[in-house]
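So the structure is just underneath, and the comments pick up after that.
Excluded from the calculations below are hydrogen atoms, water molecules and symmetry mates; all remaining heavy atoms, backbone and side chain alike, are included.
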Amino acid sequence: MAIRPDEITAILKRQIEQFEAEIEVENIGSVLMVGDGIARVYGLEEAMAGELLEFPNEVLGMVLNLEQDNIGCVILGPYSHIKEGDPVKRTGRIVQVPVGDQLIGRVVNPLGQPVDGKGPINSDTYRPIESKAPGVIERKAVHEPLQTGLKAIDSMVPIGRGQRELIIGDRQTGKTAIAIDAILNQKGQDVICIYVAIGQKASTIAGIVETLKKHGAMDYSIVVSATASDPAPLLFIAPYAGVAMGEEFMFNGKHVLIVYDDLSKHATAYRELSLLLRRPPGREAFPGDVFYVHSRLLERAAKLSDKLGAGSITALPIIETQAGDISAYIPTNVISITDGQIFLESDLFYAGVRPAISVGRSVSRVGGSAQIKAMKQVAGRLRLDLSQFRELAAFAQFGSDLDKATQAQLARGERTVEVLKQGQFAPMSASEQVVALYVVTNGYLDSIDISQLHRFEQEFITYLKTEQPEILATITQEKTLTDAVIEQLKLAITQFKQNFIA
C-alpha cells in the first residue's frame, strides 16, 4: 500500500488547527508511610482538615493532622494494598454522605454506601458529616414529648423532642433494648429514626435490623452500620454521618430520633486513631479533645424555632460503664453534655426488674416540661414513693416487727415496681400508661396478689379498649385527667375488679 504524503499533511494540518492548549493541574502527593489504617502523605500542602483524599484502587482517606512537612490521614477502607510511594490525590471535598428519603429503610455504612444488598442509593443530595450546631437563637425550648412507650421512662424520666438523654449502664443491662423500644414506639408518630451501630458485632446488628423489620419499623428507619471488624476511622465517623442524615430531615421541618450505640466504643476508636497519629495522650490515654469530639456531635441535637420549620433531632447516646463506675472519664464527659441520664443497674436487672432503671440516679433535666398533663397527674409522686420504698425495703431487712403503715407502704412499693416492669418490644401508648399508673398509685391493686398484677393490667387495658374505649380516647385527645374521666375510670376499675378472678 503506497503512502500518500498529501493525505498525511492534510491530517496533520487539521489536527494543528483543532489543537487547544488546556492545562490540567492536579495536586498529587505521595505516601511516606502506611500502617494500622493511618497514612503519612507528603506533598499536599494545600490539603484541608477533614478533606477526602483518593488513594489507589479508589480507597478514600480523611485528613486529620496538618503538620509542617506532611499530613496525617486516616484510611476509610482496606489499606493492605497501599504502599510507600503510592500517589495520593486531593478531591477538594470535605467528607460528606448522601441524605434524603432514599435512605429510609436502608442499612448503610458510615460513608452512606448500602450494605443491605438492595442496590445503590440514588440520592443527589449530600451533606458534610461535620457541620455547625444550631445556635441559641435558632432553637426553641423542649416542649413536645417523645414517648418511648416504656412506663418507667415516660413517667419518671420523660424525654422531649430535641433532648439529649443518655442511656448508661454496665454491659448486658438492657441499654439497646430501651433504644429499640423507643424506635418501635415511633410507629405512626411521623418521626424518622436513625440507629447508629458503632463497633457492634455484625450478627448483633443483623438481629436488630431483623427486629425492626418484623415490627414494621424499617419503614421509617435508617441503620448506619460500623461493625467491630471495620477499621477505626469508619467507627469514628459513623455517628457524624448519622446526625448529618438526620439534619436533612430536621431542617425540612421533620422530627428525628437518633440512637448512638455506643459512644464508649466511639471514644475508644478515636483514642486509637489519635495515638497512631502521635497526638499527645491525656487522662486514660484519651486525647485532650475527646470531650469536644462528643460535644460537637451531641450539640447538633436540637428543637428548631418555628422560623426554621420547628423540626427536631432527639439523641439517645449510649455509654457502657465498667462495674457501675459512672465517675470514669468518658461517662462523666457525656453526662455533662446531655440533658439527663437513664441509669440501668445490674442488680435490678438480675433481680428481674426490667427495664432496670435506677430511680435515684436517673434524671431528665428538661423532659418535665414536655410531659403530658395526665402523666404528671398520675406520676407526680411516683419517683418519691419509689425512693422511699427502696429505703424502707433496705431497713425492713433488719427488723421483723413493722407497724401497719410501714407494711402498707412496702406493699404499695412492691406493686408499683411490679407495674413498672415491662416486656421487650411491647411499647404502650401514653393513655394506656396513664391508666396503668393511676390504678397502682391510687391503691386499687393493694388487694391483688403480686403474681396476678401483670395479668390484671393486661386484661384491664383490653377491657377498656373493648368495653369503654372512650376513656382511653379522651385521655389521648385531652392529654389530661378531667374529673369526668376520673369518675369513669373509678367506675370501670370497680366493675372490672368484681369480675377479675385471681
Side-chain angles (χ1 to χ4, degrees), residues 133 142 145-150 152-183 185 193-200 238-240 242-243 246 256-268 270 284 286 290-303 312-346 348-349 355-371 383:
V142 172
L146 185 124
Q147 302 287 347
T148 62
L150 295 164
I153 293 176
D154 291 342
S155 59
M156 294 184 292
V157 274
I159 300 169
R161 286 181 178 174
Q163 190 175 342
R164 299 149 301 179
E165 184 78 7
L166 173 66
I167 301 170
I168 185 168
D170 284 5
R171 60 182 298 277
Q172 297 291 315
T173 49
K175 300 185 296 296
T176 303
I178 285 178
I180 298 301
D181 275 341
I183 290 174
N185 197 51
C193 300
I194 301 171
Y195 177 80
V196 184
I198 308 162
Q200 306 285 339
Y240 298 102
V243 77
V256 179
L257 169 66
I258 185 163
V259 175
Y260 305 114
D261 192 5
D262 63 75
L263 290 187
S264 305
K265 291 188 181 75
H266 179 247
T268 307
Y270 184 59
E284 290 181 28
F286 286 103
V290 73
F291 180 91
Y292 176 57
V293 161
H294 285 154
S295 64
R296 75 172 187 257
L297 169 71
L298 293 167
E299 279 298 315
R300 286 162 75 177
K303 168 71 183 153
S312 70
I313 290 180
T314 309
L316 293 180
I318 294 175
I319 285 284
E320 187 181 293
T321 53
Q322 307 293 325
D325 180 20
I326 57 170
S327 61
Y329 189 32
I330 300 302
T332 48
N333 272 359
V334 183
I335 285 171
S336 65
I337 299 164
T338 49
D339 306 313
Q341 69 275 350
I342 296 163
F343 184 80
L344 303 178
E345 260 184 88
S346 307
L348 287 175
F349 186 83
I357 295 168
S358 164
V359 183
R361 285 166 143 186
S362 302
V363 64
S364 176
R365 298 191 187 103
V366 294
S369 45
Q371 206 172 21
R383 176 188 281 276

Practice prompt. Take F343 and I357, measure what side chain to side chain contact (heavy atoms under 4.5 Å, CB included) needs, and give me the verdict at the end.
Written response: CA-CA 6 Å; F343 184 80; I357 295 168; over 6 Å; no

Worksheet item: Checking side chain to side chain contact (heavy atoms under 4.5 Å, CB included) for the pair Q200/D262: CA distance, chi angles, key distance, verdict?
Response: CA-CA 8 Å; Q200 306 285 339; D262 63 75; 4.0 Å; yes

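- Of the candidates V259, L257, I258, V259 is the only one forming a side chain to side chain contact (heavy atoms under 4.5 Å, CB included) with Y195.
- Taking CD of Q147 as the reference point, atom CD of Q371 lies at 8.5 Å (rounded to 0.5 Å).
- Taken to the nearest 0.5 Å, the CG atom of D261 stands 7.5 Å off from the CD1 atom of I180.
- Between the side chains of T148 and N185, no donor-acceptor pair of N or O atoms lies under 3.5 Å.
- Nearest heavy atom pair, residue A315 against residue A301, reads CB-CB, 3.9 Å.
- Counting only heavy atoms from C-beta outward, the side chains of Y260 and I318 never approach each other to under 4.5 Å.
- How far CD1 of I167 is from CD1 of I319: 11.0 Å, rounded to the nearest 0.5 Å.
- Distance alone, capped at 3.5 Å, is enough to place a donor-acceptor pair between the Q163 side chain and the G160 backbone.
- For D339, the salt bridge (charged side-chain N to carboxylate O under 4.0 Å, His left out) test picks out R164, with sequence neighbours left out.
- Rounding to the nearest 0.5 Å gives a distance of 9.5 Å between OG of S264 and CD1 of I198.
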Discussion item. Is there a side chain to side chain contact (heavy atoms under 4.5 Å, CB included) between Y240 and L297? Walk through the geometry before answering.
Written reply: CA-CA 7 Å; Y240 298 102; L297 169 71; 3.9 Å; yes

Practice prompt. Please lay out, stage by stage, how T338 and L298 fare under the test side chain to side chain contact (heavy atoms under 4.5 Å, CB included).
Written response: CA-CA 8 Å; T338 49; L298 293 167; 4.1 Å; yes

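- Side-chain atoms of N333 do not come within 3.5 Å of backbone N or O of S336 as any donor-acceptor pair.
- The salt bridge (Lys or Arg N to Asp or Glu O under 4.0 Å) contacts involving residues 170-183 comprise nothing, where partners must be two or more places apart or lie in separate chains.
- Of all non-hydrogen atoms in G368 and P158, the two that sit nearest each other are N-CG, 4.0 Å.
- How far CG of L344 is from CZ of R361: 11.5 Å, rounded to the nearest 0.5 Å.
- The closest donor-acceptor contact from the side chain of S364 to the backbone of G340 lies at 3.5 Å or more, if one exists at all.
- Applying the side chain to side chain contact (heavy atoms under 4.5 Å, CB included) test between V142 and each of I159, T314, V366 identifies V366 as the sole match.
- Scanning for salt bridge (charged side-chain N to carboxylate O under 4.0 Å, His left out) contacts around R300 gives E247, with sequence neighbours left out.
- Taking each heavy atom of V334 and L166 in turn, the nearest pair found is CG1-CD1, 3.8 Å.
- If you take CD on E345 and CD1 on I168, they are separated by 12.0 Å, rounding to the nearest 0.5 Å.
- Closest non-hydrogen pair, D154 versus G149, comes out as OD2-N, 3.0 Å.
- Closest approach of E165 to P317, counting heavy atoms only: O-CD, 3.3 Å.
- Between G242 and I194, the shortest heavy-atom distance links the atoms O-CD1, 3.5 Å.
- Considering R365, R383, Q341 as possible partners of V157, the one that fulfils the side chain to side chain contact (heavy atoms under 4.5 Å, CB included) test is R383.
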